[in-house]
Amino acid sequence: QKEVEQNSGPLSVPEGAIASLNCTYSDRGSQSFFWYRQYSGKSPELIMFIYSNGDKEDGRFTAQLNKASQYVSLLIRDSQPSDSATYLCALGVGNQGGKLIFGQGTELSVKP
Amino acid sequence: DAGVTQSPTHLIKTRGQQVTLRCSPKSGHDTVSWYQQALGQGPQFIFQYYEEEERQRGNFPDRFSGHQFPNYSSELNVNALLLGDSALYLCASEGGPLTDTQYFGPGTRLTVL
């Protein structure tokens, strides 16, 4: 089993809809979780991080964490064509900083 | 506020050669991590440097080595290049030992022929 799993997609949603991206992980000891957005040919850009169970909202983005079920999700409200990108889920490993373990990413396509 | 910078942007090498990639962290950051991202995959952790020491290492052979300088900038060296080393090499920085939020540079695209 991979440490971090994401559906590779592509996930296609119409403009204005809610896009839901999901990620499951295997390490129950993981404490920090990150969502990065990566446009084609570019480097990953941090969107959100979440440490505690529940929801965390930032503008049109909401991260949800459920440690008991070992999943983290990202909701994008009012999706725009500019949101079309690959979304990477990552786990922080280790105390006081450490490596990130990434999923393979989910490709999102927002159709006008 | 300068972000993470990397050089060069693109690089073409042949098998067996050696390459050095460079990274300057975001202002105020003192920890640098390197990742390799193959096409269609998520980034894979190579190693992390803090206080000029390799603090953590991923599952990469000894051909991959690094260094961190007193100004926190870092180098990634790869010896005896293989075709499979072709990838986007990403540098990420974070501030201090009590945070693990990493910010990525633009990357170096390495092509091995």
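Below, all heavy atoms of this structure are taken into account, side chains as well, without hydrogens, waters or symmetry copies.
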Phe102(A)-Phe45(B) aromatic ring centre distance below 6.0 Å: no
Pair Lys42(A)-Phe104(B), side-chain contact (heavy atoms from CB on, under 4.5 Å): steps then yes or no: CA-CA 10 Å; Lys42(A) 302 296 185 181; Phe104(B) 285 87; over 6 Å; no
Choice from Gly107(B), Pro43(B), Ala92(B) maximising heavy atom contacts with chain A below 4.5 Å: Pro43(B)
Shared hydrophobic cluster for Ile46(B) and Val4(A) (ILVMFWY, side-chain gaps under 4.5 Å): no
Atom group of Tyr35(B) that falls short of 4.5 Å from chain A, counting heavy atoms: side chain
Least distance between heavy atoms, Ser43(A) atom then Leu90(B) atom: CB-CD2, 3.6 Å
Heavy atoms of other groups near Asp83(A) CG, more than 12 under 6.0 Å: yes
Criterion side-chain contact (heavy atoms from CB on, under 4.5 Å) on Gln38(A) and Leu88(B), from CA distance to verdict: CA-CA 13 Å; Gln38(A) 187 172 27; Leu88(B) 179 66; 4.2 Å; yes
Asn59(B), CG: over 12 other non-hydrogen atoms inside 6.0 angstrom: no
Gap between atom OH of Tyr36(A) and atom CD of Gln102(B) - 0.5 Å precision: 5.5 Å
Same apolar cluster: Val19(B) and Val112(B), side chain cutoff 4.5 Å: yes
Test item: Gln56(B) side-chain N/O and Lys99(A) main-chain N/O as donor-acceptor pair under 3.5 Å: yes
Interatomic spacing from OG1 in Thr101(B) to CG in Leu100(A) - rounded to 0.5 Å: 8.5 Å
Cluster check Tyr50(B), Trp34(B): I/L/V/M/F/W/Y, side chain < 4.5 angstrom: no
Gln6(A), part contacting chain B, at a heavy-atom distance under 4.5 Å: neither
More than 12 heavy atoms from other groups under 6.0 Å of CZ on Arg15(B): no
Chain B contact via Leu46(A) - which portion, at a heavy-atom distance below 4.5 Å: side chain
Residue Gln37(B) versus chain A: region with a heavy atom under 4.5 Å: side chain
Path from Ile47(A) to Val72(A) over hydrophobic side-chain contacts below 4.5 Å: yes
ILVMFWY cluster, Leu21(B) and Leu83(B) together (side-chain gap under 4.5 Å): yes
